[in-house]
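Okay, handing you the structure first.
Whatever order the structure lists ligands and atoms in, that order sets their numbers, starting from 1.
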Amino acid sequence: MDLTQFPRRNYLQGPTPIEAAPAFSKALGGKVNVFIKRDDLLPGCSGGNKTRKLDFCIADALEKGADTIITCGAVQSNHCRLTLSWAVKEGLDCHFILEERVKGSYKPDASGNNFLFNLLGVASTKVVPGGSDMLGEMETLAEELKAAGKKPYIIPGGASNAIGALGYVGCAQEIVQQLFETGLHIDHMVVPSGSAGTHAGIVVGMAGTSANIPVSGVNVSRPKDVQEGIVFNLAQETAALAGMRGELSADEVTCFDQYVGPGYSLPTDSMKEAVTLLAQTESILLDPVYSGKAMAGLIDLVRKDHFPAGSNVLFLHTGGSPALYAYLDTFK
Ligand SMILES: *Cc1c(COP(=O)(O)O)cnc(C)c1O
């Protein structure tokens, strides 16, 4: 798949590192060797996976003549922080619709990403109840801004449409190239699975390079079958857009839903253990909502001998550490 056919802003500045995590692997009993793809180190304010997707989405917005970006997310959305970050760099206005998925969770003075929204200068924020029609809300705002003479462009939640998912097709291609250059063989990959663009893009990129590296998604909300359907649909759309030859099969999309706990963004003991263990063995910060729960999944799968002994397991670190500062009580 040739991704140069799509406009892009070149936000990446080269590949992110793949690091060995020997002390962390040892703390898990030395059964497998964990490696970490450091997408938490991507450029954009405080890093994280949305930069790869926004590289394509914002290029599309600029091609269409936009001067204003509208997007949506949860009250501590990393996606909103990074969309705003790149909008600032591009000189675009940026508006948010924030979904209060957990009742009472929006606090105007909260730390973490919420603090950064204000520091980076969000143009407006509207908070709506959980379950609201987010696309409808964004379209209404777009009409108001058009009437005021603006040229708005809507980026969906998580930038998880086919255009955004191209960023993770590119990430899979990057990983395959890095493995070739270093001679490292990876047996299995574990990725967080949220709005699904990351998981879908990686599946398409791995299939399109015939890398034969199985990918497991760890859900942060939603039951297994629902999430697998969402990821598979987006993967098919993305494969069609990217011009992949051949068909994806549904069994290339696997999700684990045992690590969600009571719900999206709500802390679990296994998330706390994962965040603390990786900090104290490798000095790498996970986040409480996505990468912490995904790593909790990896830890449990290692303990249950899901991966054959001696496997090399690659964890995709999607970032999100600013949200830790909105969860201080959880870690007390
Ligand atoms: C958005 C996000 C994810 C999930 O990626 P999706 O493409 O939405 O599935 C994982 N980790 C972090 C830190 C995120 O912000």
Side-chain angles (χ1 to χ4, degrees), residues 16 36-42 44-57 71-85 99 101 112-114 116-117 134 155-172 189-205 215-222 226-235 237-238 253 255-257 259-260 264-265 271 274-275 278 284-298 315-327:
T16 57
I36 303 183
K37 174 68 171 166
R38 298 292 309 272
D39 270 12
D40 58 315
L41 300 179
L42 281 166
C45 178
S46 299
N49 64 339
K50 301 312 177 308
T51 286
R52 287 191 192 270
K53 306 182 193 184
L54 293 165
D55 197 19
F56 288 92
C57 290
T71 197
C72 68
V75 298
Q76 282 287 340
S77 168
N78 301 298
H79 162 70
C80 285
R81 184 235 314 147
L82 278 165
T83 303
L84 174 59
S85 167
E99 183 185 7
R101 294 187 194 169
N113 285 309
N114 180 74
L116 296 175
F117 298 163
M134 300 306 283
I155 296 180
S160 281
N161 54 15
I163 295 175
L166 292 174
Y168 271 89
V169 176
C171 179
M189 193 168 168
V190 175
V191 305
S193 197
S195 64
T198 301
H199 188 180
I202 290 283
V203 165
V204 172
V215 179
S216 292
V218 180
N219 298 4
V220 298
S221 64
R222 299 196 192 104
V226 176
Q227 184 70 7
E228 285 177 347
I230 291 172
V231 174
F232 186 55
N233 285 342
L234 182 56
E237 255 183 77
T238 307
V253 175
C255 289
F256 290 89
D257 64 2
Y259 311 103
V260 175
Y264 174 81
S265 79
M271 175 280 288
V275 170
L278 195 68
I284 294 175
L285 300 181
L286 294 166
D287 84 281
V289 181
Y290 295 95
S291 53
K293 285 186 179 174
M295 189 61 102
L298 183 149
F315 178 77
L316 176 64
H317 188 348
T318 45
S321 68
L324 279 175
Y325 306 101
Y327 282 76

Contacts of Val289 meeting side-chain contact (heavy atoms from CB on, under 4.5 Å) (sequence neighbours excluded), chain-then-number -> Tyr264, Ser265, Asp287, Tyr327
Looking at Val260, is its backbone amide N or carbonyl O close enough to the side chain of Lys293 to form a donor-acceptor pair, meaning the two atoms are under 3.5 Å apart?
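Judged by distance alone, yes, a pair lies under 3.5 Å.
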For ligand 1, list all ligand N or O to protein N or O distances below 3.5 Å, rounded to 0.1 Å.
residue, atom, partner, partner atom, Å
ligand 1, 5 (O), Asn49, ND2, 3.1
ligand 1, 5 (O), Thr198, OG1, 3.3
ligand 1, 7 (O), Lys53, NZ, 2.5
ligand 1, 7 (O), Gly197, N, 3.4
ligand 1, 7 (O), Thr198, N, 2.9
ligand 1, 7 (O), Thr198, OG1, 2.6
ligand 1, 8 (O), Ser195, N, 2.9
ligand 1, 8 (O), Ser195, OG, 2.5
ligand 1, 9 (O), Gly194, N, 2.7
ligand 1, 9 (O), Ser195, N, 3.1
ligand 1, 9 (O), Ala196, N, 2.9
ligand 1, 11 (N), Thr318, OG1, 2.6
ligand 1, 15 (O), Lys50, NZ, 2.9
ligand 1, 15 (O), Asn78, ND2, 3.0

Rounded to the nearest 0.5 Å, what's the gap from CZ on Phe315 to NZ on Lys37? Could you check?
14.0 Å
In Lys50, His317, Arg52, the residue satisfying side-chain hydrogen bond (donor to acceptor under 3.5 Å, both in side chains) with Asp39 is Arg52
Checking side-chain hydrogen bond (donor to acceptor under 3.5 Å, both in side chains) against Asn49, which of Thr318, Asn78, Thr198 comes through?
Thr198
I need the minimum non-hydrogen distance between Gln76 and Ala326, along with the two atoms involved.
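Heavy-atom minimum between the residues: NE2-CB, 3.3 Å.
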